[in-house]
Amino acid sequence: MRINRRGYMLVEIILATAIAFGIAYFMLNMTIKLKNKNDDLLVETLTATDQAIIANSIMNSLKGSNCGTVANSLKVEGKKVSIDGKLIDAVNEYVTTIGPVNCSKTDNSNEGGNIEVIHINIPIEVKQIKDRNFNIKLDWILE
């Protein structure tokens, strides 16, 4: 009995091609997942940096203010945040919506002191990362 070597050759070619395509697909899929993860980390880093810049600018500009002064001097329009007319140029292109600023105060005078706490909340939404809260929340004490 003779073995048909051409038949084995064809099976080997088909098998090798299938294995090569499988490995190529696996590596391409892994590369795309790694790129997406890297992009998400870049967006998180840029947004966290913007949060720090905006919070620092607000804290420096509004020292000794009360809630009414904060509400009048802090403006949020579209992607721009301004304090007393000065624009804070820190919002990156990945931030899609910045909502209105909420300012409230808590009076803790019943607890043994004349302490006022101002709470500021600036809602921020990032389109690429929906499950994470990027809001800027500031609390400071006025005595």
Next on the checklist: To check you understand the geometry: which heavy-atom pair defines the closest contact between Pro123 and Asn135, and what is its length?
Outcome noted: CA-OD1, 3.2 Å
Checklist entry - In terms of hydrophobic clustering (I, L, V, M, F, W, Y; side-chain heavy atoms under 4.5 Å; direct or indirect links), are Ile19 and Phe26 co-clustered? => result yes
Checklist entry - To the nearest 0.5 Å, what is the distance between CD1 (Ile124) and CZ (Arg132)? => result 11.5 Å
Checklist entry - Going from CD1 on Ile54 to OG1 on Thr47, what distance comes out if it is rounded to the nearest 0.5 angstrom? => result 9.5 Å
Next on the checklist: Rounded to the nearest 0.5 Å, what separates atom CG in Leu138 from atom CD1 in Ile122?
Outcome noted: 6.5 Å
Checklist entry - Same hydrophobic cluster for Ile32 and Ile23, using side-chain heavy-atom links shorter than 4.5 Å among ILVMFWY? => result no
Checklist entry - What pair of heavy atoms forms the shortest contact from Val126 to Phe134, and how long is it? => result CG2-CD1, 3.5 Å
Checklist entry - Same cluster or not: are Tyr25 and Ile14 linked, directly or through other Ile, Leu, Val, Met, Phe, Trp or Tyr residues, by side-chain heavy atoms under 4.5 angstrom apart? => result no
Next on the checklist: Are more than 12 heavy atoms, taken from residues, nucleotides or ligands other than Met27, located less than 6.0 Å from that residue's CE atom?
Outcome noted: no
Item to check | Residue pairs fulfilling salt bridge (charged side-chain N to carboxylate O under 4.0 Å, His left out) with at least one residue in residues 19-43, sequence neighbours excluded | outcome: Lys35-Asp39
